[in-house]
Amino acid sequence: MIDTARRQLLAAALLAATGARAQTPPAPVAPPELAAVLPGARLQGSGRLRFMGLRIYDARLWSGATAVGTDWVATPLALELEYARELKGELIAERSQAEMRRQADVAADTAARWLAAMKQAFPDIKSGDRLIGLMLPGQGVRFVFNGRVVGEVLEIAFARLFFGIWLSPRSSEPALRESLLGRARP
């Protein structure tokens, strides 16, 4: 198996030998539904979630003028998930709640209210569908499914724990977190 450095040297040598020029890939374009809430959106990081080797979704973290850091509740951002397989919306909501509760204790009545809101907002997913969570600083979260607003939870505590699924140091997917924050090593 060729390591990364040797692979890069081999690619450079092939390019030089053939007279070809390396091309910079085009900059990723933010989904149009971000324009109103996150003007000038730029891709901060991206990654892929796999479970038992199966690709579940590709995630992209979009930020505005300020990069997303430890205080993500105060920073305008969007988390875009592009799904690779069919999933039931109800199961996505239940898994989201379990991940949120890993980060902090949530009162039973609050957890029930949040779960009901997520079940209402999260549709059944097919491969290629996109679900975006938009952070509304000082307000909460808006959910957009394939370009259409499907729900909101206007509670800061919900927003902190929901985005914490991916951005918190307590995330169950630390490598994905580092990739989204733009800190992953190549």
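Both backbone and side-chain heavy atoms feed into the values below; hydrogens, waters and symmetry mates do not. Numbering of residues begins at 1 and proceeds along the displayed sequence. The shown structure was predicted, so the numbers you read here are calculated from the model rather than taken from an experiment.
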Legend entry - Asp58 (side chain) donor-acceptor with Arg48 (main chain) under 3.5 angstrom: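 Answer holds: no.
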Inset, instruction - Taking Arg102 for its side chain and Arg170 for its backbone only, find out whether a donor-acceptor pair lies under 3.5 Å. - result: yes
Hydrophobic clustering (ILVMFWY, side-chain heavy atoms < 4.5 Å, transitive) - are [Y] and [X] grouped together?
X      : Y      : value
Val37  : Leu154 : yes
Leu43  : Val29  : no
Leu131 : Val141 : yes

How far does [atom1] of [X] sit from [atom2] of [Y], to the nearest 0.5 angstrom?
X      : Y      : atom1 : atom2 : result
Gln44  : Trp62  : CD    : CH2   : 11.5 Å
Met100 : Phe163 : CE    : CZ    : 10.0 Å
Leu180 : Leu77  : CG    : CG    : 10.5 Å
Ser127 : Glu82  : OG    : CD    : 8.0 Å
Asp124 : Lys88  : CG    : NZ    : 4.5 Å
Leu87  : Lys126 : CG    : NZ    : 12.5 Å

Between [X] and [Y], what is the shortest heavy-atom contact and its length?
X      : Y      : result
Ala111 : Val106 : N-CG1, 3.7 Å
Ala121 : Val150 : O-CG2, 3.1 Å
Ala78  : Leu34  : CB-CD2, 3.5 Å
Arg42  : Gly64  : NE-O, 3.7 Å
Ala117 : Val153 : CB-CG2, 3.7 Å

Inset, instruction - Go through the side-chain N and O atoms of Gln97 and Trp114 and say whether any donor and acceptor fall under 3.5 Å apart. - result: no
[Y] side chain reached by [X] side chain, heavy atoms, under 4.5 Å:
X      : Y      : result
Ile92  : Tyr83  : yes
Leu79  : Leu167 : no
Gln120 : Met118 : no
Thr110 : Phe158 : no
Ile165 : Ser96  : yes

Inset, instruction - Could you tell me how the ring of Phe122 sits relative to the ring of Phe143: parallel (under 30°), tilted (30 to 60°) or perpendicular (over 60°)? - result: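 Geometry flag for Phe143 against Phe122: perpendicular rings.
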Is the number of heavy atoms from other residues, nucleotides or ligands under 6.0 Å of [X] [atom1] greater than 12?
X      : atom1 : result
Asp105 : CG    : no
Arg85  : CZ    : yes
Arg95  : CZ    : no

Legend entry - For Gln103, all residues meeting side chain to side chain donor-acceptor pair (under 3.5 Å), sequence neighbours excluded: none
Inset, instruction - Applying side-chain contact (heavy atoms from CB on, under 4.5 Å) between Trp166 and each of Leu181, Leu81, Leu61, report the one that passes. - result: Leu81
Legend entry - Where at least one partner belongs to residues 143-166, residue pairs that pass salt bridge (charged side-chain N to carboxylate O under 4.0 Å, His left out), sequence neighbours excluded: Arg113-Glu155, Arg142-Glu152
Counting only pairs under 3.5 Å, give me each side-chain donor-acceptor contact of residues 132-140, with atom names and distances, residues two or more places apart or in other chains.
none

Inset, instruction - Answer yes or no: is there an ion pair linking Glu173 with Arg177, defined by an N-O contact shorter than 4.0 Å? - result: no
